[in-house]
S.K.: 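Structure in structure tokens, see below.
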Protein chains: 2
Amino acid sequence: MAHLTSRVEYGIHCLLWLVGAGEQQPSSRDLAELQGISPSFLAKIFPRLEKAGIVAAVPGLRGGYRLARPAAQITVLDIVDAIEGDKPLFECQEIRTRCALFDDPPPRWASRGTCAIHATMQRAERAMRDALAAETLADLARALERKAPADFGASVERWLGERASSRRGSAR
Amino acid sequence: MAHLTSRVEYGIHCLLWLVGAGEQQPSSRDLAELQGISPSFLAKIFPRLEKAGIVAAVPGLRGGYRLARPAAQITVLDIVDAIEGDKPLFECQEIRTRCALFDDPPPRWASRGTCAIHATMQRAERAMRDALAAETLADLARALERKAPADFGASVERWLGERASSRRGSAR
DNA sequence: TCAAACGCGGACTAATATAGTCCGCGTTAT
DNA sequence: ATAACGCGGACTATATTAGTCCGCGTTTGA
Ligand code: FES
Ligand code: FES
């Protein structure tokens with residue numbers, strides 16, 4: 001299990017479909033079936049994106065999700081934080097205070113400030129977060145669009161549209 | 001549970017004691033009791049550092065560990081990789097190939113190269129690793145030494161020396 | 001010579017996190 | 001009224017982490 005979990009992969013891929021979805025507001029089930037992933041699992045990811053203000057939810061029949069702001073104003077870090085919460089790269093156990101030579105309580109100098117090791121880990125985490133903050137959803141969408149055939153985006157939009165109208169139809 | 005686990009914290013703190021241990025070669029049990037952590041657990045960490053060529057092991061009674069090369073030539077990244085193995089920050093599930101619009105097998109363009117999302121995560125991981133590689137054990141040792149009282153290093157060395165000689169004594 | 005302490009490795013356990021399912025609630029369009 | 005929607009909580013299975021325990025072969029001081 002990695003630090004950036006599959007929830008993040010699912011979440012970002014979904015958001016990329018929303019970038020190209022035009023005026024539609026696909027449901028989380030639509031997005032799950034479009035990508036062949038578990039609808040129930042995806043349904044646990046989207047409320048987090050909504051609470052973080054990345055997507056806006058439309059309740060009720062014909063409801064779904066749309067981006068809450070332009071893709072160029074959503075960084076990858078925003079998404080990761082929304083989905084993963086504030087999960088540190090390293091959790092210091094403060095073992096520096098447990099030296100056998102210390103009395104109880106340990107001397108003040110032993111726990112003053114941040115441990116040098118901990119500080120190094122925090123710098124590494126910051127470097128990682130900076131790299132994630134440097135890229136936006138719009139950047140990713142451009143990169144993916146360059147790869148797909150010219151008519152692919154339109155095909156997906158059509159597929160989503162058909163699903164949206166079939167909601168009424170299947171209700172007979 | 002964080003990506004950089006407590007094994008790393010234990011390992012690096014131990015190595016820092018080795019930097020200041022002079023000519024001694026403390027055992028993993030010595031180092032565990034010096035820091036109030038589990039001897040059995042620490043005994044599972046050191047073989048990894050040894051196989052990575054960071055420490056050298058001396059077997060037999062009176063055996064123990066010493067640094068295999070100067071502290072200035074051991075980066076924090078070396079230690080993390082030795083202890084954690086090659087654990088990626090992000091594991092791509094290749095969901096891009098599972099689009100419902102694809103036939104089976106999916107078109108070649110869908111899986112060509114690295115997914116843009118995956119590439120972003122790899123850049124973030126690289127930034128993290130670069131930050132860890134920028135700091136050596138010697139840097140950390142200097143930072144810690146500045147904090148402790150002037151005679152603390154000598155006290156620890158004495159404590160380790162007493163333990164080393166009591167090994168024979170306790171055998172009666 | 002022989003026991004004690006060492007490093008090493010494997011089997012084991014407990015607690016936690018991830019991935020995923022299932023169900024019920026209130027809302028909304030047909 | 002009903003069916004699909006978002007939301008939330010309870011639940012399960014599996015993997016990882018943290019930690020224990022035991023046995024093997026080596027070294028060395030009594
Ligand atoms: S005490 Fe936690 S990293 Fe040093
Ligand atoms: S397919 Fe794995 S990140 Fe895009």
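Just so you know, these numbers use all the heavy atoms, side chains as well, and skip hydrogens, waters and symmetry mates. We name chains A, B, ... by the order of the sequence lines, and we start the count at 1 in each one.
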S.K.: What is the separation between atom CD on B:E9 and atom P on D:dA18, rounded to the nearest whole Å?
M.R.: 10 Å
S.K.: Can you give each donor-acceptor pair under 3.5 Å made by side-chain atoms of residues 38-48 of chain A, sequence neighbours left out, with the distance rounded to 0.1 Å?
M.R.:
| unit_1 | atom_1 | unit_2 | atom_2 | d |
| --- | --- | --- | --- | --- |
| A:S38 | OG | A:S40 | N | 3.4 |
| A:S38 | OG | A:F41 | N | 3.0 |
| A:R48 | NH1 | A:I83 | O | 2.6 |

S.K.: Over how many whole Å does the gap from B:R62 atom CZ to C:dA5 atom P extend?
M.R.: 12 Å
S.K.: Please list, in numerical order, the residues of residues 38-54 of chain B that have a heavy atom closer than 4.0 Å to any atom of DNA chain D.
M.R.: B:S38, B:S40, B:F41, B:K44
S.K.: Who are the salt bridge (Lys or Arg N to Asp or Glu O under 4.0 Å) partners of A:E94, not counting sequence neighbours?
M.R.: A:R96
S.K.: How many Å lie between NE2 on A:H3 and P on C:dT18, as a whole number?
M.R.: 9 Å
S.K.: Indicate whether the side chain of A:T5 and that of A:E84 have a donor and an acceptor atom separated by less than 3.5 Å.
M.R.: yes
S.K.: Using a cut-off of 6.0 Å, state whether more than 12 heavy atoms not belonging to A:E145 lie near its atom CD.
M.R.: no
S.K.: Does anything in residues 9-22 of chain A form a side chain to side chain donor-acceptor pair (under 3.5 Å)? List the pairs, not counting sequence neighbours.
M.R.: A:W17-A:Q35
S.K.: Just jot down the salt bridge (Lys or Arg N to Asp or Glu O under 4.0 Å) partners of B:R29, sequence neighbours excluded, or say none.
M.R.: B:E33
S.K.: Rounded off to whole Å, could you give me the CZ-to-P distance for the A:R29 and D:dA3 pair?
M.R.: 14 Å
S.K.: Among C:dG7, C:dT18, C:dA29, which is the nearest nucleotide to the side chain of A:L61?
M.R.: C:dA29
S.K.: Rounded to the nearest Å, what distance is computed from the CD atom of residue B:Q35 to the C1' atom of nucleotide D:dG19?
M.R.: 16 Å
S.K.: Please compare B:S28 and A:S6 by the position of their nearest nucleotide in DNA chain C and report the one closer to 5'.
M.R.: B:S28
S.K.: Identify each donor-acceptor pair in which a side-chain atom of residues 106-114 of chain A lies under 3.5 Å from a protein atom, sequence neighbours left out, and give them as a table.
M.R.:
none

S.K.: C:dG20, OP1 or OP2 - any side-chain N/O from A:Y10 closer than 4.0 Å?
M.R.: yes
S.K.: Could you give the CD-to-P distance, from A:E91 to C:dT16, as a whole number of Å?
M.R.: 12 Å
S.K.: Measure NZ/A:K87 against P/D:dT16 and give the value in whole Å, please.
M.R.: 14 Å
S.K.: Expressed in angstrom and rounded to an integer, what is the separation of A:Q25 atom CD from D:dC5 atom P?
M.R.: 11 Å
